[in-house]
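First the structure, in the form of structure tokens, and then the observations on it.
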Amino acid sequence: MEVSLVYAPLQLQALREFRSLIKGEWVPDILVALRGESQHFSELRSRVNSLQVTRRSTGSGVLHDGILSRTLQRMEHDGLVERRAQIGVFPPSVEYRLTPLGEDLIVVMQPLAAWIAQRTAANAAPTHSDQPCVLSPPCHEQHGDRPGE
């Protein structure tokens with residue numbers, strides 16, 4: 001496949017921008033956990049950690065408050081997450097939700113996740129239980145399970 005010299009710099013810049021949006025160990029997990037609903041900080045932390053069954057077995061650990069807070073701030077700065085503070089409520093309440101850009105990023109990540117899973121399967125031949133499919137609902141239909149089960 002030949003790469004056009006006219007388009008290659010623009011394509012490379014687009015890939016760098018994509019990489020910049022998803023940089024950080026927890027960004028994909030947070031995107032998946034926030035998909036479709038707003039959540040309070042503690043709910044989000046619990047949800048992300050519940051997705052971490054395989055991560056714990058690889059030694060990557062658990063998402064702690066400080067890391068979640070910094071990651072959410074960066075994701076908000078990048079336009080992926082919206083932070084909403086409820087005014088006049090005690091104790092103060094903050095909810096996080098994906099922006100349209102964050103929702104779009106998940107759609108873009110689905111084929112990439114499928115490609116990576118396919119390559120992983122071809123190289124290591126893992127069982128389905130070794131590779132949870134949190135991004136792709138058709139995977140759940142095919143295998144009859146849900147993330148975290």
Side-chain angles (χ1 to χ4, degrees), residues 7 9-121 123-124 126-149:
Y7 294 105
L10 293 175
Q11 291 168 338
L12 289 173
Q13 180 58 34
L15 289 172
R16 286 184 198 108
E17 195 145 330
F18 173 76
R19 184 181 63 210
S20 174
L21 285 174
I22 63 166
K23 74 179 173 191
E25 180 179 357
W26 297 99
V27 171
D29 304 83
I30 293 169
L31 288 168
V32 169
L34 279 174
R35 189 171 194 189
E37 63 183 283
S38 297
Q39 293 179 48
H40 292 97
F41 187 90
S42 59
E43 294 170 327
L44 178 57
R45 183 191 60 236
S46 295
R47 192 168 193 184
V48 169
N49 285 329
S50 73
L51 296 172
Q52 299 310 312
V53 174
T54 57
R55 183 185 291 263
R56 286 189 195 115
S57 67
T58 62
S60 295
V62 183
L63 178 59
H64 296 284
D65 289 355
I67 295 169
L68 177 57
S69 180
R70 285 188 298 276
T71 305
L72 285 169
Q73 287 172 0
R74 201 188 98 242
M75 292 174 75
E76 184 180 10
H77 178 266
D78 290 342
L80 299 174
V81 171
E82 179 181 33
R83 180 183 187 270
R84 288 187 172 174
Q86 294 179 341
I87 299 172
V89 177
F90 188 82
S93 179
V94 177
E95 287 188 343
Y96 296 89
R97 71 179 186 97
L98 292 180
T99 63
L101 179 64
E103 293 283 353
D104 288 347
L105 184 56
I106 289 178
V107 172
V108 171
M109 287 171 42
Q110 286 177 329
L112 178 61
W115 179 78
I116 292 168
Q118 183 180 23
R119 290 186 47 86
T120 301
N123 292 333
T127 64
H128 175 70
S129 62
D130 292 336
Q131 296 294 322
C133 45
V134 296
L135 292 176
S136 176
C139 181
H140 304 304
E141 295 163 7
Q142 179 184 1
H143 298 287
D145 63 356
R146 295 281 179 248
E149 289 184 355

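For the single chain, residues carry numbers from 1 onward in sequence order.
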> Looking only at heavy atoms, which two atoms of Arg45 and Leu68 are closest? And how far apart?
Replying inline: CB-CD2, 3.7 Å
> OH/Tyr96 to CG/Leu34 distance, rounded to the nearest 0.5 angstrom?
Replying inline: 10.0 Å
> Mind checking whether Val27 and Arg74 have side chains closer than 4.5 Å, heavy atoms only?
Replying inline: yes
> Thinking salt bridges, do Arg83 and Glu76 make one under a 4.0 Å N-O criterion?
Replying inline: no
> How far apart are the C-alpha atoms of Val108 and Leu112, what are their side-chain angles, what is the distance that settles it, and do they pass the side-chain contact (heavy atoms from CB on, under 4.5 Å) test?
Replying inline: CA-CA 7 Å; Val108 171; Leu112 178 61; over 6 Å; no
>> If I compare all heavy atoms of Gln39 with all of Ala33, which pair ends up nearest, and what's the gap?
In response: NE2-O, 2.5 Å
> Can you name the closest pair of heavy atoms from His40 and Ser93 and give their distance?
Replying inline: NE2-OG, 2.9 Å
>> Let me confirm one number: the CG-OG distance from Leu51 to Ser46, rounded to the nearest 0.5 Å.
In response: 11.0 Å
> Looking at Leu98, Asp78, Ile22, which one forms a side-chain contact (heavy atoms from CB on, under 4.5 Å) with Leu105?
Replying inline: Ile22
>> Using every non-hydrogen atom in the two residues, find where Met75 and Leu31 come nearest and quote the distance to one decimal.
In response: CE-CD2, 3.7 Å
> Looking only at heavy atoms, what is the nearest atom pair of Pro28 and Met109, with distance?
Replying inline: CB-CE, 3.8 Å
> Donor-acceptor pair, Ser69 side chain versus Asp65 backbone, under 3.5 Å?
Replying inline: no
> Does Glu82 offer a backbone N or O that forms a donor-acceptor pair with the side chain of Thr99 under 3.5 Å?
Replying inline: no
> Distance-only, no hydrogens or angles: does the Ser20 side chain make a donor-acceptor pair with backbone N or O of Arg16 under 3.5 Å?
Replying inline: no
> Is the shortest heavy-atom distance from the side chain of Arg84 to the side chain of Ser38 under 4.5 Å?
Replying inline: no
> Atom CD in Glu25, atom CD1 in Ile30: separation rounded to 0.5 Å?
Replying inline: 10.0 Å
> Are Arg47 and Glu37 close enough for a salt bridge, meaning some N to O gap below 4.0 Å?
Replying inline: yes
> Short question: side chain of Asn49, backbone of Val62 - any donor-acceptor pair under 3.5 Å?
Replying inline: no
> Within a radius of less than 6.0 Å around CD of Gln13, do more than 12 heavy atoms belonging to other residues, nucleotides or ligands occur?
Replying inline: yes
> Any side-chain heavy atom of Leu21 sitting closer than 4.5 Å to one from Phe18?
Replying inline: no
